[in-house]
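Read through the structure below, which is laid out as structure tokens, and then see the notes.
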Amino acid sequence: MIRVIRGVRDILPGEAVQWQSVEAEARRIFGLYGFHELRTPIMERTELFARAVGETSDIVEKEMYSFPDRKGASISLRPEGTASVVRSFMENGFERQLPWKVFYMGPMFRYERPQKGRYRQFHQIGCELFGPQGPLADAEMMAMAMRYLGQIGLAEGLTLELNSLGCPACRPAYREKLTSYLESKKEALCGHCQSRMDRNPLRILDCKTPGCREIAQSAPHMKEHLCDDCQSHFDGLLAHLDGMQLPYQINPLMVRGLDYYNRTAFEITTGDLGAQNAVAAGGRYDRLVADMGGRAMPAIGFAMGVERLVLLLGEQNQTTPPAPSVYMVVAGPEAEAVALAAAESIRGADITLEVNLQGGGMRNQMKKAARSGAAITVIIGDHEAAQKVAQCKVMESGEQQEISLADLPERLKSDLK
RNA sequence: GCGGUCGUAGCUCAGUCGGUAGAGCCCUGGAUUGUGAUUCCAGUUGUCGCGAGUUCAAAUCUCGUCGAUCGCCCCA
């Protein structure tokens, strides 16, 4: 038997019910804020991701699904959504219609070792906002994310963590301070962090090794070394969050893994997913559009992991798809044509009806009717077909009555209320 | 890419010291030749993840491999 490839999986009908509501709520809530859906391709030129996400990021260096197409161009399955949104923004000239507010949802691909809440094909719902440079936008994005999560039933146990990563004006100086501090403690760092010293010293801050955590705690933190502009942006953001009474936690050790972030970075975390504690994450990327060849354009965005949302929804998970309202038992060869026509007329009245298509004896079909979860079973046998009637059985009470086929849609409609 | 644990029926699992595989649920038929919980009777379910090795004999021991899971790394 051919099985699915590692790290990907089927979302079966029972679980898909949950996915549909998670997606529908996203459309609804983001719509309340004036965001519209953007659908981008799931594959792009490799170069797009390499430049947007960062040539030296782990995602680009070792996690991308890249392959040559038939003409030899390097194509990649998208590892995240922002790069394509930025590309679309520039390509379609939305720089002239600011602010541009979009959301997207769909599969992303990263070649990683699968784990709880982490798959090679995973799904994100994300939002991006281009244009505004003040902290009002940051605050609204966070409010929107939290409102959405609360709306789908995840308000409990989530923490909004945020930090400022500074900007090109203040980060280099901070980085030097941090590096010289870390040099003095180099002996005490874990081996991994020692090798990170040159490449990306900021990432040492969120190392989980106990020794490194202590060192990180007392290290100089970016938020104490922000330039005036970054500082007032950060202060403004906090004031807006307070104004909305949105609880948050400043995490001076939070460092995002993608290269394009500046100033505001935030994560929404949970303690219930093992090592994968982030359900949503995002931040500002004011330089990305310019780096990609567009004009200077402030922007902010975030993305949520749908698998993680659905996992957290946990026990609310449905394991069976919704039941039909009516189940139709077809008993006898003469009844088939009549039953099928009756079924069509009932569906025409907007009633969900499932016809038994597999035949079998009455007992067998009634079992299937009960199992389907239908509230009412309509039985049409040869006898009923000849009389142009049907037996209508209310499953819960067991009451059964004969109704003419012509009246069936209306009667069912009122009985189902 | 690295480490721990685990892979037996569609599902949940048992299987002793190595002796050629079981239960419950589900499913099918019947008791009831046209009526669903329950009950009773009968029946089907298997590459014991895959491949090699040791052995008279392997679900069981060894090695490899694939997959799941947990942690590292990284991230949604």
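Sequence lines set the chain letters: A, B, ... in the order given, protein chains first and strands last, and positions in each chain run from 1.
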### Summary
A/Asn277 has its side chain closest, among B/rG34, B/rG29, B/rC75, to B/rC75
### Query
OP1 or OP2 of B/rU69 less than 4.0 angstrom from a side-chain nitrogen or oxygen of A/Lys116, does that happen here?
no
### Task
Would you indicate which nucleotide in B/rU35, B/rC2, B/rA37 comes nearest to any side-chain atom of A/Ile379?
B/rU35
### Task
May I ask you to say what A/Gly126 touches in the nucleic acid, namely base, sugar-phosphate or nothing, with a heavy-atom cut-off under 4.0 Å?
nothing
### Closest to side chain of A/Ala278, choosing from B/rA37, B/rA76, B/rU35
B/rA76
### Query
On a plain distance test, is the side chain of A/Arg308 in donor-acceptor contact with the base of B/rC75 below 3.5 Å?
yes
### Task
Report the nucleotide, chosen from B/rG30, B/rG1, B/rG34, that has the shortest atom-to-atom distance to any side-chain atom of A/Met362.
B/rG34
### Message
Just to be sure I understand the rule, does A/Lys393 reach a base, reach only the sugar-phosphate, or reach nothing, if contact means heavy atoms closer than 4.0 Å?
### Response
base
### Task
Tell me whether the OP1 or OP2 atom of B/rU28 has a side-chain N or O from A/Lys368 closer than 4.0 Å.
yes
### Minimum-distance nucleotide to A/Phe122 side chain [options: B/rG1, B/rG29, B/rA76]
B/rA76
### Proximal nucleotide (of B/rG34, B/rU32, B/rA68) relative to the A/Glu384 side chain
B/rG34
### Query
From B/rC27, B/rG36, B/rA76, pick the nucleotide closest to the side chain of A/Arg371?
B/rC27
